[in-house]
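Written out below as structure tokens is the structure these notes cover.
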Amino acid sequence: MTHSTLSILKKAILLERRGKAFYGHVARQTQEPSLREFFEAMAEEEDRHEAILARQFRAVSTTGQFEADEGKLPADAIAVSQVLTPDIAVRLTSAGFEASAVSASMAMEANAIAMYRQAALDAVDPEEKKLYSWLADFETGHYETLAKLDRVLTESAWNDAAFWPY
């Protein structure tokens with residue numbers, strides 16, 4: 001493996017660590033219980049991603065190869081159904097902290113997706129390619145979940161501000 005492979009893994013570990021810290025902070029700050037649970041779950045997922053990447057970093061550093069992760073990668077992202085309940089828009093402050101956190105989270109996830117997709121394209125090792133592709137797909141799930149939540153918050157803000165002409 002090349003130095004650039006280790007560099008990508010270091011960047012990925014740092015990206016996941018920052019995500020975990022951010023989501024944990026948002027979970028501690030929000031007053032809405034369902035959003036707190038959502039962001040806690042997001043932090044836990046980023047923690048699992050970091051652990052997987054750290055294990056791969058150790059493997060590449062010591063053996064020069066990625067570990068085969070057949071059956072080790074979790075299959076599903078968190079369920080957002082607990083967050084996107086029909087009354088969530090009523091309980092949230094649409095232009096407040098939670099809405100800003102969702103927007104910032106979407107940007108973080110978009111950056112992660114781009115990095116993992118490019119790393120998968122550049123990867124030669126099949127296990128490396130599989131890892132980055134899985135991470136890109138997983139983070140895409142996060143992004144889509146956050147986008148749904150953002151749409152609910154945006155619509156709530158528009159309703160609150162009477163932006164609808166009818």
Side-chain angles (χ1 to χ4, degrees), residues 1-84 97-151 153:
M1 288 292 140
T2 66
H3 175 69
S4 65
T5 299
L6 292 175
S7 179
I8 290 168
L9 285 167
K10 285 186 216 177
K11 287 177 186 176
I13 290 167
L14 184 58
L15 185 74
E16 298 296 338
R17 189 174 290 167
R18 287 176 177 165
K20 176 179 68 174
F22 178 73
Y23 293 137
H25 176 75
V26 173
R28 288 186 298 277
Q29 296 300 313
T30 188
Q31 300 300 308
E32 172 56 45
S34 60
L35 272 182
R36 185 177 317 109
E37 290 174 18
F38 172 74
F39 281 109
E40 285 171 350
M42 293 282 283
E44 289 169 10
E45 286 186 352
E46 302 299 353
D47 189 47
R48 283 192 295 276
H49 295 171
E50 181 185 346
I52 290 167
L53 287 161
R55 188 177 71 244
Q56 293 293 5
F57 182 84
R58 285 189 299 278
V60 171
S61 295
T62 57
T63 68
Q65 296 181 333
F66 278 76
E67 271 185 14
D69 260 334
E70 194 68 36
K72 293 182 186 175
L73 299 176
D76 297 320
I78 59 173
V80 73
S81 58
Q82 69 208 32
V83 177
L84 293 178
F97 172 73
E98 290 87 354
S100 297
V102 168
S103 182
S105 297
M106 288 174 65
M108 282 179 18
E109 296 297 340
N111 288 337
I113 293 164
M115 186 183 92
Y116 289 136
R117 290 225 188 280
Q118 188 60 53
L121 287 173
D122 295 342
V124 177
D125 180 297
E127 291 300 322
E128 181 181 15
K129 186 176 287 295
K130 184 169 85 174
L131 173 67
Y132 294 139
S133 294
W134 173 78
L135 285 164
D137 290 345
F138 209 101
E139 302 299 357
T140 298
H142 283 174
Y143 182 87
E144 290 169 353
T145 297
L146 289 160
K148 287 177 189 174
L149 187 55
D150 184 60
R151 282 191 295 277
L153 293 170

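Nothing fancy with the numbering, it's 1 onward along the sequence.
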Shortest non-hydrogen contact between L149 and L35, atoms and distance: CD2-CD2, 3.6 Å
Of all heavy-atom pairs between A104 and F22, which one has the smallest distance, and what is that distance? CB-CZ, 3.8 Å
The reported gap from CZ in R17 to CG in L53 (rounded to nearest 0.5 angstrom) is 10.5 Å
Only counting residues at least two apart or in another chain, list the ones meeting side-chain contact (heavy atoms from CB on, under 4.5 Å) with Q29. H25, F97
How would you list, by chain and number, every residue that makes a side-chain contact (heavy atoms from CB on, under 4.5 Å) with R18, sequence neighbours excluded? L14
Could you grab the distance from atom CZ of F138 to atom OG of S133, nearest 0.5 Å is fine? 14.5 Å
Look only at the side chain of Q56 and the backbone of E67, and say whether a donor-acceptor pair between them is shorter than 3.5 Å. yes
Please report the interatomic distance CD(E45) to CD(E139), rounded to the nearest 0.5 Å. 8.5 Å
Work out which heavy atom in F39 is nearest to a heavy atom in S105; give both atom names and the distance. CE2-OG, 3.7 Å
Would you call Y23 and M108 a side-chain contact if the rule is heavy atoms closer than 4.5 Å? yes
Closest heavy-atom pair and its distance - I113, A136: CG1-O, 4.0 Å
Is any side-chain heavy atom of D47 less than 4.5 Å from a side-chain heavy atom of E50? yes
Shortest non-hydrogen separation from R36 to A27 and the atoms involved: CG-O, 3.1 Å
Mind jotting down which residue pairs meet the salt bridge (Lys or Arg N to Asp or Glu O under 4.0 Å) criterion with at least one end in residues 114-123? Sequence neighbours excluded, please. R117-D137
Find the distance between CD (E144) and CE (M106) and round it off to the nearest 0.5 Å. 10.5 Å
So how far is it from Q118 CD to I8 CD1, rounded to the nearest 0.5 Å? 8.5 Å
Please examine the side chains of T145 and F38, heavy atoms only from C-beta on, and report whether any two atoms are closer than 4.5 Å. yes
Would you check if Y116 and L131 make a side-chain contact, meaning some heavy-atom pair closer than 4.5 Å? no
Closer than 3.5 angstrom, by distance alone: can the side chain of T30 be matched with the main-chain N or O of V26 as a donor-acceptor pair? no
Under a 4.5 Å cut-off applied to non-hydrogen side-chain atoms, are D125 and V60 in contact? no
Between CD1 on residue I13 and CG on residue L9, distance to nearest 0.5 Å: 6.0 Å
Given the rule in the side-chain contact (heavy atoms from CB on, under 4.5 Å) test, do E127 and Q65 qualify, once you have shown the distances and angles that lead to the verdict? CA-CA 9 Å; E127 291 300 322; Q65 296 181 333; over 6 Å; no
Find out whether W134 and H49 are in side-chain contact, i.e. whether some heavy atom of one side chain is under 4.5 Å from a heavy atom of the other. yes
Please check if the side chain of K20 supplies one atom and the backbone of A43 the other of a donor-acceptor pair under 3.5 Å. no
